[in-house]
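Heads up: the structure comes next, in structure tokens.
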Amino acid sequence: SGNVSNLTGINNATLNLIAQWTKGDYPLTVNFEDENSNPITDKNIVNFSIVLLGENDISIGAISGTDNQFTLNKDNSYKITVITGAGYRLDGFTIIPEDGAIVNQNENNFIIANIAKATTITIIIKANSYEVTANPNSGTFDDANLNGWSLSNGVATKTIVYANEYNLPTITRLGYSFLGWFIGEAKLGENPVVLTASDHTIEAKWQANTYEGTIDYDNDKIIVKRVDGQNEYDITDGKIIATTGEPIVLRVTAKEHYENVQVIATDTIVVQNSEDTTTYTITGFTEAFTITINADAKKYIADNNIQLYTI
């Protein structure tokens with residue numbers, strides 16, 4: 001713009017005025033915010049480049065600037081390319097003043113032109129949400145401590161925003177110690193956040209507990225051996241170590257003058273007798289236990305009277 005005043009030609013000569021213009025340069029500020037208008041400065045979340053465009057939108061060079069401040073010319077067009085980190089996406093933009101520059105968005109590119117005023121473009125970055133499935137791996141969820149997870153067919157699911165906490169549900173498994181939640185072989189730490197940029201499954205891992213048991217029997221009546229493959233071992237001091245999920249096999253033989261062996265265990269223990277009647281498979285170890293083994297004395301007929309064998 002300009003003005004002309006009080007011009008007088010010599011001897012009333014006609015004056016021809018030619019206006020000359022210089023290209024206007026104006027500042028552009030590029031900002032990034034989340035959907036709640038919080039500024040984003042972490043370059044791991046978002047970064048960008050800006051270039052001057054020539055004919056047919058061909059880049060002809062990067063534009064120098066300090067941080068997010070640039071000087072652009074009204075008669076040129078520019079391309080801002082935004083690169084988001086894993087788990088984030090573009091979610092629109094705002095421009096101030098609204099009646100200033102022309103901005104067209106094409107995916108992660110912004111073409112900006114006609115900058116005739118100081119301009120600020122604010123690009124909105126939003127974290128993605130992912131569905132997470134929690135596989136209890138034979139564990140049981142505590143219905144009172146699901147922490148927002150939904151149960152269906154024994155597994156829990158939850159939609160979580162990237163970089164937010166899992167807020168994991170409480171889980172237990174009888175006879176096992178909880179080792180933690182895992183993605184593959186990677187264990188989630190304490191108060192973990194979602195850093196997997198896709199729907200994914202976390203899995204509970206467990207370690208079987210071991211328990212000491214007592215084998216209560218009378219050596220004078222019964223022979224008890226622990227069977228391990230092809231080998232048999234004595235029960236030392238009537239004590240035996242069992243692991244949850246792993247069976248114990250006992251070979252129980254009544255001595256001469258005894259019969260009808262009975263193997264009785266505490267409530268949680270399951271005893272199965274094999275076809276050979278001397279081998280017993282015992283499972284269900286979830287606490288310290290006692291196995292009681294007994295046998296009846298054989299009956300003999302003496303002088304037409306039935307008598308029990310006694311030592």
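Start at 1 with the first residue, then count along the sequence.
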Does the gap between the ring centers of Y211 and F289 come in under 6.0 Å?
-> no

is_close_aromatic(F32, F48), centroid dist under 6.0 Å | yes

[X] and [Y]: which non-hydrogen atoms are nearest, and at how many Å?
X	Y	value
E259	A297	OE2-O, 4.4 Å
I222	A295	CD1-N, 3.8 Å
G284	I269	O-CD1, 3.5 Å
N273	T279	ND2-O, 3.0 Å
P169	N147	CA-ND2, 4.0 Å

Heavy-atom distance under 4.5 Å between the side chains of [X] and [Y], does that happen here?
X	Y	result
T71	L28	no
F141	L146	yes
Q262	I293	no
T292	T290	yes
I223	V252	no
V46	Y88	no
I240	I235	yes
D220	Y258	no

At what distance, to the nearest 0.5 angstrom, does [atom1] of [X] lie from [atom2] of [Y]?
X	Y	atom1	atom2	result
D25	D75	CG	CG	9.5 Å
D34	K126	CG	NZ	10.5 Å
T244	F285	OG1	CZ	9.0 Å
T286	Y176	OG1	OH	10.5 Å
I111	S77	CD1	OG	7.5 Å
T243	Q207	OG1	CD	9.5 Å

Go through the steps for I264 and I291 under the test side-chain contact (heavy atoms from CB on, under 4.5 Å), then give the verdict.
-> CA-CA 6 Å; I264 302 171; I291 299 173; over 6 Å; no

After noting the C-alpha distance and the side-chain angles of N209 and S177, does the key distance pass the side-chain hydrogen bond (donor to acceptor under 3.5 Å, both in side chains) rule?
-> CA-CA 7 Å; N209 296 334; S177 296; 2.7 Å; yes

Looking just at side-chain N and O atoms, do [X] and [Y] make a donor-acceptor pair shorter than 3.5 Å?
X	Y	value
N135	T201	no
T81	N109	yes
N128	Y130	yes
T84	R89	no
N31	N68	yes
Q69	T29	yes
S150	K158	no

Between I115 and K74, does a side-chain contact (heavy atoms from CB on, under 4.5 Å) hold up when you go through it step by step?
-> CA-CA 5 Å; I115 297 179; K74 177 181 182 299; 5.5 Å; no

I'd like to know if the side chain of [X] reaches the main chain of [Y], judged simply by a donor and an acceptor atom lying under 3.5 Å from each other, with no hydrogens or angles considered.
X	Y	result
N137	A204	yes
D142	I171	no
W206	P136	yes
Y78	N73	yes
Q105	E107	yes
N47	I83	no

Applying the side chain to side chain contact (heavy atoms under 4.5 Å, CB included) test to I63, which of I80, V51, N76, L72 qualifies?
-> L72

Given the options T196, V193, V132, N167, I160 meets side chain to side chain contact (heavy atoms under 4.5 Å, CB included) only with V132

Please lay out, stage by stage, how E33 and N38 fare under the test side-chain contact (heavy atoms from CB on, under 4.5 Å).
-> CA-CA 5 Å; E33 294 181 352; N38 298 311; over 6 Å; no

Count I, L, V, M, F, W, Y as connected when their side-chain heavy atoms are under 4.5 Å apart, and connections chain through other members. Are [X] and [Y] then in the same cluster?
X	Y	value
I183	L195	yes
Y162	I124	no
I40	V82	yes
V155	Y166	no
V103	L90	yes

When R226, R251, K225 are each screened for salt bridge (charged side-chain N to carboxylate O under 4.0 Å, His left out) with E232, the one that passes is R251

Determine whether more than 12 heavy atoms belonging to other residues, nucleotides or ligands lie under 6.0 Å from atom CG of N36.
-> yes

Answer yes or no: does atom CG of N260 have more than 12 heavy-atom neighbours from other residues, nucleotides or ligands under 6.0 Å?
-> yes

Is the shortest distance from a Lys or Arg side-chain nitrogen in D296 or K221 to a carboxylate oxygen in the other one below 4.0 Å?
-> no

E185 bridged to K205 by N-O distance under 4.0 Å | yes

Give me the ring orientation class for F93 and F110: parallel if the planes are under 30° apart, tilted from 30 to 60°, perpendicular past 60°.
-> perpendicular

When the ring planes of W181 and F178 are compared, do they come out parallel, tilted or perpendicular, using 30° and 60° as the limits?
-> perpendicular

Kindly confirm or rule out a cation-pi arrangement of K117 over Y26, judged by NZ or CZ under 6.0 Å from the six-membered ring centre and within 45° of its axis?
-> no

Would I202 and L168 count as a side-chain contact (heavy atoms from CB on, under 4.5 Å) if you check the C-alpha gap in whole Å, the side-chain angles of each, and the deciding distance to 0.1 Å?
-> CA-CA 10 Å; I202 61 175; L168 294 162; 3.4 Å; yes

